[in-house]
Amino acid sequence: PDHIWDPAPWRFSMKRITADPTAKQEPVGQMWKTGSLFLSKRNGVETMQFICYSRCGTCQKAKKYLTEHEIPYEERDIKSENPTEEELNIWIEKSGLPSRKFFNTSGKLYKEMELSKKLPDMTKEEQVRLLASDGMLVKRPILVGDHGVLVGFKEADWEAALQGKQ
């Protein structure tokens with residue numbers, strides 16, 4: 001593949017990219033941030049993982065945003081490389097969102113499986129196992145930094161979380 005993925009973020013060297021590590025938490029859409037995301041340093045370049053589906057219009061908009069703002073990223077196709085349970089647990093923890101927010105509720109498979117009726121009765125572990133079974137169940141795009149995760153694309157949220165990364 002033309003990208004590298006390692007689900008163990010502690011294997012990368014990290015560099016804080018904000019000036020104030022004690023920044024007060026503030027809401028940004030459905031996520032919380034403490035000032036910024038951390039970037040993984042790979043081959044001397046700070047970058048983030050951009051998990052997407054190439055035929056998704058929202059993913060295309062997010063990719064355009066990253067490119068226009070010169071934010072380095074490594075792309076990963078969610079359909080051909082399903083997230084693992086371990087990755088999903090890490091992402092859920094980093095995002096501060098409940099696991100149900102990682103479901104692609106507008107997707108065909110989600111609707112076919114009638115998950116809107118089933119999710120409320122499922123444990124987090126069951127939800128994560130289900131998400132890991134098929135990448136098309138997972139909401140996208142997902143932008144993963146060493147200490148932050150953005151799920152879905154809302155330009156204002158990304159702008160607030162990624163300011164100063166250009």
Side-chain angles (χ1 to χ4, degrees), residues 1-9 12 28-31 33 37-40 42-43 45-120 122 124-163 165-166:
D2 59 350
H3 57 277
I4 300 168
W5 175 255
D6 186 337
F12 310 124
V28 178
Q30 294 182 6
M31 67 161 267
K33 71 181 184 91
L37 298 175
F38 287 68
L39 299 179
S40 301
R42 302 180 193 192
N43 300 325
V45 177
E46 291 179 342
T47 187
M48 290 188 220
Q49 295 294 316
F50 177 64
I51 295 96
C52 64
Y53 178 53
S54 61
R55 294 175 51 189
C56 168
T58 304
C59 293
Q60 292 169 4
K61 289 177 189 175
K63 187 175 180 177
K64 181 179 177 187
Y65 175 89
L66 292 171
T67 302
E68 287 177 352
H69 289 82
E70 299 178 355
I71 297 171
Y73 63 90
E74 292 178 4
E75 188 172 335
R76 173 181 172 182
D77 183 81
I78 200 162
K79 186 171 182 175
S80 63
E81 293 183 65
N82 288 0
T84 65
E85 289 181 40
E86 180 183 9
E87 290 172 318
L88 287 161
N89 280 315
I90 291 168
W91 298 346
I92 290 165
E93 183 179 333
K94 286 181 183 182
S95 73
L97 297 172
S99 53
R100 64 182 166 75
K101 293 291 187 180
F102 278 74
F103 280 89
N104 178 13
T105 57
S106 60
K108 180 181 173 185
L109 187 56
Y110 179 90
K111 292 175 183 176
E112 286 174 359
M113 294 176 73
E114 298 182 340
L115 291 176
S116 62
K117 297 174 186 174
K118 297 175 184 175
L119 284 181
M122 295 173 72
K124 177 189 175 202
E125 292 76 22
E126 291 170 328
Q127 290 179 9
V128 169
R129 192 174 311 115
L130 183 58
L131 286 165
S133 72
D134 192 317
M136 297 309 284
L137 287 172
V138 181
K139 185 177 181 101
R140 55 202 180 260
I142 300 174
L143 189 63
V144 181
D146 277 348
H147 292 275
V149 173
L150 296 171
V151 181
F153 177 67
K154 292 183 180 171
E155 188 170 339
D157 292 350
W158 281 40
E159 186 73 31
L162 299 172
Q163 65 186 13
K165 308 302 178 285
Q166 299 83 316

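Numbers for residues simply follow the sequence, beginning at 1. This is a predicted model, so every value here is computed, not measured.
What you find for N82 and G135 is that their closest heavy atoms are OD1-N, 3.0 Å. Taking every heavy atom of both residues into account, M113 and L130 meet most closely at CE-CD1, 3.7 Å. Heavy-atom minimum distance, T58 versus P141: CG2-CD, 3.9 Å. Across all non-hydrogen atoms, the minimal contact from R100 to Q127 is N-OE1, 3.3 Å. Listed here is the closest heavy atom pair of L88 and P83: CG-CB, 3.8 Å. Heavy-atom minimum distance, Y110 versus L137: N-CD2, 3.9 Å.
Between K118 and E114, no side-chain nitrogen of the basic residue sits less than 4.0 Å from a carboxylate oxygen of the acidic one, so the salt-bridge criterion is not met. Using a 4.0 Å cut-off between charged nitrogen and carboxylate oxygen, K61 and E155 do not count as a salt-bridge pair.
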Set out, in order, the CA-CA distance, both residues' side-chain angles and the distance that settles side chain to side chain contact (heavy atoms under 4.5 Å, CB included) for H69 and L162, then state yes or no.
CA-CA 10 Å; H69 289 82; L162 299 172; over 6 Å; no
Carefully, step by step, assess N104 and V138 under the rule side chain to side chain contact (heavy atoms under 4.5 Å, CB included).
CA-CA 5 Å; N104 178 13; V138 181; 5.9 Å; no
Residue pair V128, F102: steps toward the side chain to side chain contact (heavy atoms under 4.5 Å, CB included) verdict:
CA-CA 9 Å; V128 169; F102 278 74; over 6 Å; no
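L119 contributes atom CG, which lies 4.5 Å from atom CZ of F103 (distance to the nearest 0.5 angstrom). In this structure, the separation between CD1 on I92 and CG on L131 is 6.5 Å, given to the nearest 0.5 Å. Taken to the nearest 0.5 Å, the SG atom of C52 stands 9.0 Å off from the CD atom of Q60. The distance from atom NZ of K63 to atom CD of E68, rounded to the nearest 0.5 Å, is 13.0 Å. The structure places CD1 of I51 at 10.0 Å from CD of E74, a figure rounded to the nearest 0.5 Å. Interatomic distance, OG of S99 versus CD of E126, reported as 10.5 Å (0.5 Å rounding).
Annotation for E112: atom CD counts as buried by contact number, over 12 foreign heavy atoms lying within 6.0 Å.
Proximity of I71 to Y65: side-chain heavy atoms (C-beta onward) are separated by under 4.5 Å at one or more points. No side-chain heavy atom of T105 sits less than 4.5 Å from a side-chain heavy atom of K111. In this structure, R140 and V151 have side chains that are not in contact, with every pair of non-hydrogen atoms separated by 4.5 Å or more. K79 places a side-chain heavy atom less than 4.5 Å from the side chain of M136. Proximity of L109 to L115: side-chain heavy atoms (C-beta onward) are nowhere separated by under 4.5 Å.
You'll find the ring centres of W158 and F153 inside the 6.0 Å limit.
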